[in-house]
2 protein chains.
Amino acid sequence: MAQPATMAHSNPASRLSRLTVNRLSLYLRRLEALAAEGVKTVSSGQLGEDLGVSDAQVRKDLAYLGHLGYPGVGYYPQELIGVIRRTLGLDHDWAVVLIGAGNLARALLKYRGFQQQGFRIVAVFDADPNKVGERLDELTVTPMSSLAETIARHQAQLGIIAVPAPAAQSVADELAAAGIRGILNFAPAVLRLPPQVHLVAVDLAVQLEQLAFLVRQDLDPQ
Amino acid sequence: MAQPATMAHSNPASRLSRLTVNRLSLYLRRLEALAAEGVKTVSSGQLGEDLGVSDAQVRKDLAYLGHLGYPGVGYYPQELIGVIRRTLGLDHDWAVVLIGAGNLARALLKYRGFQQQGFRIVAVFDADPNKVGERLDELTVTPMSSLAETIARHQAQLGIIAVPAPAAQSVADELAAAGIRGILNFAPAVLRLPPQVHLVAVDLAVQLEQLAFLVRQDLDPQ
DNA sequence: TAGATTGTTAATCGATTAACAATC
DNA sequence: TAGATTGTTAATCGATTAACAATC
């Protein structure tokens, strides 16, 4: 809107790298806490210090979203919260389906951070007939055979894969075929997806191995 | 050992970036699968294609670990597995303590990827007296008061924080005070730790928001 | 006003890719 | 040998930081 006409077809969000988007999530969480505390303004230096990010980095990240800062003053948390939420797509709810009804699924269902940002898990599926019908929180475990129908009914756009690695690719294929647009994958498997389906992978073993490497290197450099 | 004397104080591992270490974990997992299938040699092109990494990237990453490739032939999975495991510190077991006895803890206790790489969860703690004494898999939930003693007894070097965000910093402080050298943090909180304690954070909300951003940008560019 | 703080540029740093001589 | 493939260099790409004029 405030963009000059010559920039009409430029898309600010498309310039945001994965790293910047990650930090925007962190800024958002911190800003929400500051707003709840009644803080009226915050500087890039303060916000960065709270999160372990440089002040220049904070300003650069936020400048991608527009002229949101006030020289000599800082940023207004309330204003920033609105802009970041819109940028991240958090200005409306997301219907999410969860595949796999194990302990990780239980943990994710209870995870408040998802609910708070408008992610609604609308169905849980499992391939194991013994788990189908089981009650998980507010939901009843549904058979995989009703995946496509359930996704269509809820107009779910996101899916979370929490099944063992060998099953992950076939679940991903089913999700893609059912029209899911983004997958958060917890299975330790590399997934192949059509280009219109976005993928974010959380690989727990990789993260723990990263930690082992850091400690090992520190204790026993060689 | 095979290093010339002039490089005696250079530390190859210290040159490895976090990104490279992450990929080494992925290479390791794939190589273990290849070895199990009886594959005798693999090229950088093949390994990269399996994991979505360029061939040049694979060669560069592996070259940090030494001259492990054979021109015209490729790499020997068995040889590479040994070197990567040593580099990542996976050539011995790690005793790990788990703080928080909720659903995420249950999921982590059952996670095969940890056990397979030699991570042994030796104790589970919870601040809630109602949870203390509860059986989780092979372990009994222990009160926080015995944290330091238990860590010392098992000589645990790694800790996993799976408690709510408000409790995370105080748990981290206790772990650091008890001599833990590395923390894998699942709480959505920024932790402050002394420099000798390494930190890897897995932030589930950030990852799901990353996914929402990608999908939103794709569906509704503006 | 003086002081604080932004947005942005240029410099720096780091990671990836392309290309190819060397090797088997 | 011819073909395949490595290790490494130089080129490219991208992200971070330092610095400071502009602004309130």
Side-chain angles (χ1 to χ4, degrees), chain A residues 2-4 7 10 12-27 31 34 39-77 79-80 83-84 87 210 213, chain B residues 2-4 7 10-27 31 34 39-80 83-84 87 210 213:
Chain A
Q3 301 281 336
M7 293 184 67
S10 90
S14 72
R15 274 184 256 123
L16 304 182
S17 74
R18 178 162 290 228
L19 292 166
T20 295
V21 172
N22 268 260
R23 285 188 300 265
L24 288 177
S25 284
L26 297 179
Y27 302 153
L31 290 163
L34 290 171
V39 171
K40 295 299 178 216
T41 67
V42 64
S43 68
S44 58
Q46 188 56 56
L47 191 54
E49 195 176 316
D50 293 349
L51 298 171
V53 171
S54 76
D55 59 336
Q57 182 79 81
V58 171
R59 290 197 299 279
K60 183 149 258 222
D61 287 338
L62 295 179
Y64 285 122
L65 311 185
H67 282 70
L68 298 166
Y70 300 84
V73 179
Y75 299 87
Y76 293 104
E79 188 183 7
L80 232 42
V83 175
I84 297 177
T87 304
Q210 174 79 247
F213 167 78
Chain B
Q3 302 281 337
M7 294 186 65
S10 90
N11 179 354
S14 70
R15 273 185 255 125
L16 304 182
S17 73
R18 178 162 289 228
L19 292 165
T20 296
V21 172
N22 267 260
R23 286 189 298 267
L24 288 177
S25 283
L26 297 179
Y27 301 154
L31 289 162
L34 290 171
V39 170
K40 294 301 178 217
T41 67
V42 65
S43 67
S44 58
Q46 187 57 57
L47 192 53
E49 195 176 315
D50 293 349
L51 298 170
V53 172
S54 77
D55 59 337
Q57 182 79 82
V58 171
R59 291 198 298 280
K60 183 148 258 226
D61 287 337
L62 295 178
Y64 286 121
L65 310 185
H67 282 68
L68 298 166
Y70 300 84
V73 179
Y75 300 86
Y76 293 103
Q78 287 294 1
E79 188 182 7
L80 231 42
V83 175
I84 296 177
T87 303
Q210 175 79 247
F213 168 78

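No experiment lies behind these values; they were computed from the predicted model shown. The chains referred to below are lettered A, B, ... by the order of the sequence lines, with proteins before strands, and numbering in each begins at 1.
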Atom pair distance, as rounded to whole Å: [atom1] in [X] and [atom2] in [N]:
{"X": "B:L51", "N": "C:dT16", "atom1": "CG", "atom2": "C1'", "result": "17 Å"}
{"X": "B:Y27", "N": "D:dT6", "atom1": "OH", "atom2": "P", "result": "12 Å"}
{"X": "A:D61", "N": "D:dT16", "atom1": "CG", "atom2": "P", "result": "7 Å"}
{"X": "B:L24", "N": "C:dA15", "atom1": "CG", "atom2": "P", "result": "13 Å"}
{"X": "A:D55", "N": "C:dA4", "atom1": "CG", "atom2": "P", "result": "14 Å"}
{"X": "A:E79", "N": "C:dT6", "atom1": "CD", "atom2": "P", "result": "13 Å"}
{"X": "B:L19", "N": "C:dT17", "atom1": "CG", "atom2": "C1'", "result": "15 Å"}
{"X": "B:L16", "N": "C:dG14", "atom1": "CG", "atom2": "P", "result": "14 Å"}

*What does D:dC20 pair with, Watson-Crick or G-U, if both distances are under 3.5 Å?*
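Base partner found: C:dG7.
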*Base paired to D:dT12 (Watson-Crick or G-U; both N/O distances under 3.5 angstrom)*: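 Pair assignment: D:dT12 / C:dA15.
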Working to the nearest 0.5 Å, report the span between [atom1] of [X] and [atom2] of [Y].
{"X": "B:Q57", "Y": "B:T20", "atom1": "CD", "atom2": "OG1", "result": "6.5 Å"}
{"X": "A:L47", "Y": "A:R59", "atom1": "CG", "atom2": "CZ", "result": "11.5 Å"}
{"X": "A:Y27", "Y": "A:L62", "atom1": "OH", "atom2": "CG", "result": "6.0 Å"}

Shortest side-chain distance from [X], nucleotide among [options]:
{"X": "A:P71", "options": "D:dT17, C:dT23, D:dC24", "result": "D:dC24"}
{"X": "B:K60", "options": "D:dA10, D:dA19, D:dT5", "result": "D:dA10"}
{"X": "A:Q57", "options": "C:dT8, D:dT16, D:dT6", "result": "D:dT16"}

*How is A:S44 classified with respect to the nucleic acid when contacts are heavy atoms under 4.0 Å: base, sugar-phosphate, or nothing?*
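Sugar-phosphate, backbone atoms only, no base.
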*Answer with base, sugar-phosphate or nothing: what part of the nucleic acid does B:R23 contact at a heavy-atom distance below 4.0 Å?*
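Answer is sugar-phosphate: B:R23 comes under 4.0 Å of backbone atoms only.
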Under 4.0 Å from OP1 or OP2 of [N]: is there any side-chain N or O of [X] that close?
{"X": "A:R59", "N": "C:dT6", "result": "yes"}
{"X": "A:S54", "N": "D:dT17", "result": "yes"}
{"X": "B:Y75", "N": "D:dG7", "result": "yes"}

*asked:* Go nucleotide by nucleotide along DNA chain C from the 5' end; which of A:G72 and A:H67 gets its closest nucleotide reached first?
replied: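 Of the two residues, A:G72 wins.
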*Hey, which sits more toward the 5' end of DNA chain D by its nearest nucleotide, A:V53 or A:V73?*
A:V53
_Show, in sequence, the C-alpha distance, side-chain angles and deciding distance for B:Y64 and B:T87, and conclude whether the side-chain contact (heavy atoms from CB on, under 4.5 Å) test is met._
CA-CA 10 Å; B:Y64 286 121; B:T87 303; over 6 Å; no
_Using side-chain heavy atoms (C-beta onward) and a distance below 4.5 Å, is A:L80 in contact with A:L65?_
no
